[in-house]
Amino acid sequence: MGSFIKKNGLLYSPDMHVVIGVDDTSSEFTGRIPFGAHRIDDDVFSECPYESLSLPDSVSELGNRVFENSKALEKVKLSSGLTTLPPYLFSGCSALTKVTMPTQVKTFPEGLFKNCESLTEVPFRAGLTTLAASVFEGCSSLKSLVIPNTVTRIEKRAAAGCTSLESVVFPASLKFIAPDAFEGCTSIHNIRIDGESSQFYVGEDGGLYEVGDGDKLIVKAYGVKAQSVAFFKENADEVSAGFSEDADDEIEEDDTFSAEIGASEEEVKAVEAESVIESKLETQPEPVFDVKTEDKGDSKNMEDNAVDSMLADIMGEEKERNAVSEDVAVSAKETEILSETMSVISDSTQGNDVAITNDELEKLFAKNEEDEIATHNADNPEVLDSKAQILTDSVGLSLIIDCEPAGQAPEENELYVIAEKLVRGEDGKETFTAKLVSCCKTLARIHDFKKIIMLYGLPIDNDEFTQFFKHFISKKNVVLACEAESPSKLSDYGKKICELARISLKKDDLAEQRNTASMKTETLVKLVIRDKYE
């Protein structure tokens with residue numbers, strides 16, 4: 001193995017950049033790799049005894065078969081810095097149920113989830129064009145597959161042996177399906193094509209046929225005939241806002257966002273009458289937008305001294321900030337880290353124009369990463385994430401809504417809603433529209449989110465805040481509520497929020513946003529909806 005360094009229960013390369021193994025003589029490693037490593041070497045965690053593994057965002061490369069045949073492994077958090085994954089990464093991980101997938105991954109390699117017998121949902125990513133050979137082979141707990149509408153090829157044995165698979169939605173973009181791609185999937189009885197396909201069609205027997213001489217049967221349906229109704233709509237019937245439910249809607253070149261928020265009158269009245277929602281309107285400078293005007297909002301109206309004032313509040317120099325910290329149960333350790341973070345940000349504005357870098361922010365946040373997860377993610381809804389606290393303290397208006405999930409909450413269990421404008425309530429105060437609140441509650445019910453955090457007036461003209469916001473929000477569920485009818489009419493502020501939050505405005509991705517929002521999946525919600533500010 002050559003020279004190595006033992007630390008944190010792991011074996012590192014001399015420069016500490018590569019994890020080359022686990023230290024069998026130590027019990028210090030518990031499944032969480034500390035920040036700093038850039039690569040995980042071949043086979044490091046293959047056949048490992050750990051139930052959960054978490055990779056820091058400093059990791060940008062994985063070796064071959066890193067987790068292969070780890071029979072006890074149930075949950076894996078991959079680094080957001082990964083852009084590609086090696087083949088057979090999770091092959092044979094028979095207990096695996098959840099993978100936090102990087103948003104930048106655009107391809108699933110061969111055998112990625114082969115024989116992951118406990119996997120019930122696939123963490124698809126926008127931009128996926130191919131289902132590689134054996135990518136889901138032997139995933140015997142999968143019951144449904146909604147294949148992204150960017151996929152054009154399904155290779156050999158891609159989903160073979162998925163014996164519990166009942167429903168499959170194929171995209172109209174599909175050009176090739178290997179004859180054995182779904183071999184052994186003997187429970188399939190619902191097959192649908194999402195749109196009109198020139199290559200394939202659903203026959204009277206419910207099977208999927210390829211157009212050609214004799215029209216070849218590619219995927220057999222068992223027990224029932226094909227049906228014209230849309231599948232996977234159990235939750236969609238409850239959706240009363242923000243996106244189209246018509247699977248046949250085509251997105252034009254200048255496509256409208258997911259229509260207007262269309263909450264029912266009963267829902268709106270219920271929201272308006274609800275008094276238990278905790279709203280926080282802070283005494284701050286005028287927000288970015290003036291809702292009395294028709295100006296679509298250039299966010300450059302936020303003054304530098306306003307940002308300085310907010311940073312002072314965050315660092316605990318104001319009594320109001322201290323009170324907020326007590327309300328959300330910020331620990332002493334979290335306060336220390338926040339103070340250090342904000343001090344660096346504040347110092348960077350004194351006498352120079354250099355903004356704090358992503359790496360600097362990452363290192364600061366990594367110091368408190370374990371403590372933060374212990375408090376915030378330990379089924380304790382009263383504790384607000386320390387970085388979320390920075391965000392809510394930095395805006396003109398925030399509203400936090402606690403939800404009660406009916407099912408299993410996802411790993412990222414908060415929905416961040418960024419409103420472009422506000423309206424005046426009956427009390428004369430500016431607030432979020434009742435329809436927007438109702439829409440977001442519906443999304444929370446579908447996805448079993450624990451919190452909705454609504455924000456207005458982000459100071460994105462401040463470089464230091466923008467660096468922090470980009471690092472934080474890109475890994476969260478985000479909804480942008482705007483007044484634009486289409487991407488071409490989106491304000492500069494709206495475009496900037498989409499860029500920072502990784503909300504794609506491409507034609508195909510807009511359609512995928514609607515699909516993601518209307519059903520519970522492992523994919524992050526990244527959605528643009530249109531609100532009317534009347």
Side-chain angles (χ1 to χ4, degrees), residues 1-93 96 99-105 107 109-112 333 336-337 340-341 344 348 354-374 387 467 470-471 474-475:
M1 183 179 292
S3 60
F4 58 85
I5 295 175
K6 292 184 177 182
K7 190 174 182 180
N8 306 312
L10 297 170
L11 305 179
Y12 290 88
S13 61
D15 61 4
M16 295 291 289
H17 288 168
V18 182
V19 177
I20 59 178
V22 178
D23 183 3
D24 294 334
T25 65
S26 171
S27 60
E28 187 177 352
F29 181 66
T30 59
R32 189 174 186 80
I33 301 172
F35 185 89
H38 297 171
R39 171 183 164 86
I40 310 298
D41 224 344
D42 297 352
D43 303 309
V44 167
F45 297 110
S46 63
E47 301 184 19
C48 75
Y50 308 105
E51 294 182 359
S52 177
L53 287 169
S54 178
L55 277 57
D57 289 347
S58 58
V59 171
S60 59
E61 184 181 358
L62 296 178
N64 294 320
R65 303 174 189 265
V66 171
F67 307 108
E68 186 181 37
N69 292 327
S70 294
K71 306 298 184 183
L73 190 60
E74 298 177 5
K75 297 179 181 180
V76 175
K77 176 189 174 295
L78 294 177
S79 162
S80 65
L82 291 169
T83 57
T84 59
L85 303 177
Y88 297 94
L89 180 63
F90 300 106
S91 177
C93 296
L96 188 68
V99 177
T100 302
M101 189 70 64
T103 57
Q104 298 182 81
V105 168
T107 58
E110 179 176 340
L112 180 64
K333 179 63 176 175
E336 176 188 339
I337 298 301
E340 183 177 353
T341 302
V344 173
S348 69
V354 180
I356 186 170
T357 66
N358 282 325
D359 289 343
E360 289 173 320
L361 280 172
E362 180 69 70
K363 290 175 183 177
L364 286 169
F365 294 143
K367 291 182 181 181
N368 197 41
E369 198 174 29
E370 292 187 13
D371 289 343
E372 180 180 295
I373 288 178
K387 284 170 271 186
Q467 290 285 354
K470 178 181 179 180
H471 171 83
S474 63
K475 306 168 191 175

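All of these numbers come straight from a predicted model, not from anything done at the bench.
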Q: Check each of P102, S54, P56 against K77 using the side-chain contact (heavy atoms from CB on, under 4.5 Å) test, and report the only one that passes.
A: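 Going through the options one by one, the only one that passes is S54.
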Q. Among V59, V44, D41, which residue meets the side-chain contact (heavy atoms from CB on, under 4.5 Å) test with V19?
A.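 Considering V59, V44, D41, a side-chain contact (heavy atoms from CB on, under 4.5 Å) with V19 is found only for V44.
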Roughly how far, to the nearest 0.5 Å, is the [atom2] atom of [Y] from the [atom1] atom of [X]?
X: L62; Y: D42; atom1: CG; atom2: CG; value: 10.0 Å
X: I33; Y: L55; atom1: CD1; atom2: CG; value: 4.0 Å
X: L11; Y: K6; atom1: CG; atom2: NZ; value: 6.5 Å

Q.
With side chain to side chain contact (heavy atoms under 4.5 Å, CB included) as the criterion, how do L85 and M101 come out once you've worked through the C-alpha distance, each side chain's angles and the decisive distance to 0.1 Å?
A. CA-CA 10 Å; L85 303 177; M101 189 70 64; 3.6 Å; yes
Q: Write out all pairs satisfying ring-ring contact (aromatic ring centres under 6.0 Å, His included) with one or both partners inside residues 6-27, taking only residues at least two apart or from two chains.
A: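 ring-ring contact (aromatic ring centres under 6.0 Å, His included) check on residues 6-27 returns H17-H38.
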Partners passing side-chain hydrogen bond (donor to acceptor under 3.5 Å, both in side chains) against [X] (at least two apart in sequence or in another chain):
X: S474; value: none
X: S79; value: none
X: D23; value: T25
X: S91; value: none

Q: Indicate whether the side chain of D57 and that of S80 have a donor and an acceptor atom separated by less than 3.5 Å.
A: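 On atom types as modelled, these side chains qualify, holding a pair under 3.5 Å.
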Q.
Applying side-chain contact (heavy atoms from CB on, under 4.5 Å), can you list everything that pairs with E28, at least two apart in sequence or on another chain?
A.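 Counting only residues at least two positions away or on another chain, E28 forms a side-chain contact (heavy atoms from CB on, under 4.5 Å) with N8, S26.
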(Q) According to side-chain contact (heavy atoms from CB on, under 4.5 Å), who are the partners of Q104, at least two apart in sequence or on a separate chain? (A)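 Result, side-chain contact (heavy atoms from CB on, under 4.5 Å) vs Q104: T83, R502.
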Q) If only atom types and distance count, is the side chain of S60 paired as donor or acceptor with the main-chain N or O of L82 below 3.5 Å? A)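 Side chain of S60 to backbone of L82, a donor-acceptor pair under 3.5 Å: no, none is there.
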Might you point out which heavy atoms bring [X] and [Y] nearest each other, and give the distance in Å?
X: S70; Y: C48; result: OG-N, 3.2 Å
X: P49; Y: A72; result: O-CB, 3.7 Å
X: A37; Y: S58; result: O-OG, 2.8 Å

Q. Does anything in residues 58-72 pair up under salt bridge (charged side-chain N to carboxylate O under 4.0 Å, His left out), and if so which pairs, sequence neighbours excluded?
A.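 Qualifying pairs: R39-E61, R65-E68.
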Q | Y88: ring pair (Phe, Tyr, Trp, His ring centres under 6.0 Å) partners, not counting sequence neighbours | A |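 None.
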Q | For F29, all residues meeting ring pair (Phe, Tyr, Trp, His ring centres under 6.0 Å), sequence neighbours excluded | A |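 F45, Y50.
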Q: Using the side chain to side chain contact (heavy atoms under 4.5 Å, CB included) rule, take L73 and E51 through it: C-alpha gap first, then chi angles, then the decisive distance, then the call.
A: CA-CA 4 Å; L73 190 60; E51 294 182 359; over 6 Å; no
Q: Assess whether side chain to side chain contact (heavy atoms under 4.5 Å, CB included) is satisfied between V99 and L78, documenting all intermediate values.
A: CA-CA 7 Å; V99 177; L78 294 177; 4.2 Å; yes
Q. Is there a side chain to side chain contact (heavy atoms under 4.5 Å, CB included) between V66 and D43 once you walk through the steps?
A. CA-CA 4 Å; V66 171; D43 303 309; over 6 Å; no
